[in-house]
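Note on naming: letters A, B, ... go to the chains in the order of the sequence lines (proteins, then strands), and numbering restarts at 1 for each one.
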There are 2 protein chains.
Amino acid sequence: MTNRLEDLLSTLQAAATLEDLQAVLESLRDHYKVEHTVYHWVNSVGERYGAGTYSAEWVDRYLEKDYLRMDPVIFVCFQRFTPVSWKELDWSSKAAREMWQDALDHGLGNQGYTIPIRGPNGQFALFTLNASLSDEDWAQFIDDNARDLMILGHEFNKKALEFEQWGEDGTTPALSPRELASMSCLARGMSRAQAAAELNISEHTLRVYIESSRHKLGAMNTTHAVARALSTGIIII
Amino acid sequence: MTNRLEDLLSTLQAAATLEDLQAVLESLRDHYKVEHTVYHWVNSVGERYGAGTYSAEWVDRYLEKDYLRMDPVIFVCFQRFTPVSWKELDWSSKAAREMWQDALDHGLGNQGYTIPIRGPNGQFALFTLNASLSDEDWAQFIDDNARDLMILGHEFNKKALEFEQWGEDGTTPALSPRELASMSCLARGMSRAQAAAELNISEHTLRVYIESSRHKLGAMNTTHAVARALSTGIIII
DNA sequence: CGCGACCTCGCTATTTATGGGGAGTTTTAT
DNA sequence: ATAAAACTCCCCATAAATAGCGAGGTCGCG
């Protein structure tokens, strides 16, 4: 088993193009004898990259119906970081049930396992296996392979990042300590007056920091600046 | 080697108290023959939990001097998600160099390897090994153990989360679709007028969503609401 | 069927944030 | 050593956000 993992990782390491990654996913599917293997990035604007063995019809359908916004897998993975088996999720809402049925109609198996992966600058990706198995067999499968899958998912993400250079286009701007502190105060809910008091500076000085932060972050307004500072990871709440 | 990993993981699984986790870290240190092993949560307010083999003096010193705010390890790990070897980092700033010397004076080794771990609701933790080795030996050590360490780090974090129930105290409030859309627009830098146009609703209606989001999220103002929505993962940029 | 939650719209007054100037000291880096 | 960046403070006018009031239609769940 471990040797197989090493083989797969070697293939992954050797991948030099996005097509190679696609091939890796296909060999993963064959190796694990599952229906589908998928890796994709997620953000609220839309996917920047995705690869996998889903049919083109299902991918188009998924995007067309805007399933991204109601998919319980996506929603839960955003908030957890532990992998989820699909059957654990809440499929009670009407929209979710419809989507589930639609997925089955498009060739997906009844079992799924998705590993959320969080990267730099707010990058977020999912690594998914989909199969047709009984609940018991699937649980056993996950039990046997969870660790290998986690490693594969993370290595895959590392490789995908190398190609796509997420967020590397505009290197995250560096804010000065006071600017970061200002952003942090605002992110925690303080008004300008409160933040200025917290930092022991005049409200006007605080404003200067907010302005300079805004410009450095390329933000339209304060809320946008704080949002960018948070999602690039230069501040946290 | 793999058997050792299994043993360590078994011990980890069996941990029932925070003291047990401390013991696990100590046995990890002994097993890997390093100077220190550390696990801790990080947020801008301060640590909620930390365990490890650093001396109490160094921990106190670290907190007292507010090294958290200048530590290159912390800073880089926030933005990357791949593990970092300390020597790779930028220690050129004066503050960083002083901190580094201070660390050596407090019994830390000259080599370090830190694995950033990102959890639900914006949880962020670090799993660190510190040792005294030559650059070559350390590189070899990392090469040999990187995967095991990643698994250990993630399993450790899972266990720590079970105990501390990060963010579980106030279950993340659910926002309605329109509320989420409103938050998302604001996070992407739109003004109220722009967001209202984007959503094809009156500016007043948008305001109602912002208000209700604010109340649900327990936020003081719009910026705070967006910050919370982002850091709990219910929206993304 | 009714209740609650969601979606939609309007008005007024007050508070707060933003954008544009300018100007001095201290710290850091080359 | 000298330049660049960071930190600090002030004024004024305008744009935007907040707080408070109210009202009606739709949808799903029990």
Report task. Estimate the overall bend of the helix from C:dC1-D:dG30 to C:dT28-D:dA3 from the end axes over five pairs each, rounded to 10 degrees. Result -> 80°
Query raised in the report: 5' to 3' on DNA chain D, which nucleotides open and close the contacts with chain B (atom under 4.0 Å from a heavy atom)?
Result: D:dA17 to D:dG20
Query - side chain to side chain donor-acceptor pair (under 3.5 Å) against B:Asp90, all qualifying residues, sequence neighbours excluded - result: B:Ser92
Query raised in the report: With sugar-phosphate meaning primed atoms plus P, OP1 and OP2, does A:Ser176 contact a base, only sugar-phosphate, or nothing at under 4.0 Å between heavy atoms?
Result: sugar-phosphate
Query raised in the report: With sequence neighbours left out, what residues match B:Glu211 under salt bridge (Lys or Arg N to Asp or Glu O under 4.0 Å)?
Result: B:Arg214
Query raised in the report: What residues, two or more places apart in sequence or in another chain, satisfy salt bridge (Lys or Arg N to Asp or Glu O under 4.0 Å) together with A:Lys87?
Result: A:Asp135
**Report entry** side chain to side chain contact (heavy atoms under 4.5 Å, CB included) partners of B:Asp105, counting only residues at least two apart
**Finding:** B:Gln101
Report summary line: Ranking A:Lys216 and A:Thr205 by the position along DNA chain D of their nearest nucleotide, the one closer to 5' is A:Lys216
**Report entry** Listed partners of B:His215 passing ring pair (Phe, Tyr, Trp, His ring centres under 6.0 Å), at least two apart
**Finding:** none
Query raised in the report: According to a strict under-4.0 Å criterion, is B:Tyr209 in side-chain N/O contact with OP1 or OP2 of C:dC6?
Result: no
Query raised in the report: In chain order, what residues pass the salt bridge (Lys or Arg N to Asp or Glu O under 4.0 Å) check against B:Arg29, with sequence neighbours excluded?
Result: none
Report task. Kindly write out the residues that satisfy side chain to side chain contact (heavy atoms under 4.5 Å, CB included) with B:Ala139, not counting sequence neighbours, or none if the list is empty. Result -> none
**Report entry** Listed partners of A:Trp86 passing ring pair (Phe, Tyr, Trp, His ring centres under 6.0 Å), at least two apart
**Finding:** none
Query - Under 4.0 Å protein heavy-atom contact, by nucleotide of nucleotides 17-30 of chain C - B base, S sugar-phosphate only - result: SBBBB------S--
Query - Partner set under salt bridge (Lys or Arg N to Asp or Glu O under 4.0 Å) for B:Lys158, not counting sequence neighbours - result: B:Glu155
Query - Candidate list A:Trp58, A:Tyr54, A:Phe127, A:Tyr113, test ring pair (Phe, Tyr, Trp, His ring centres under 6.0 Å), partner A:His36, passing option - result: A:Tyr54
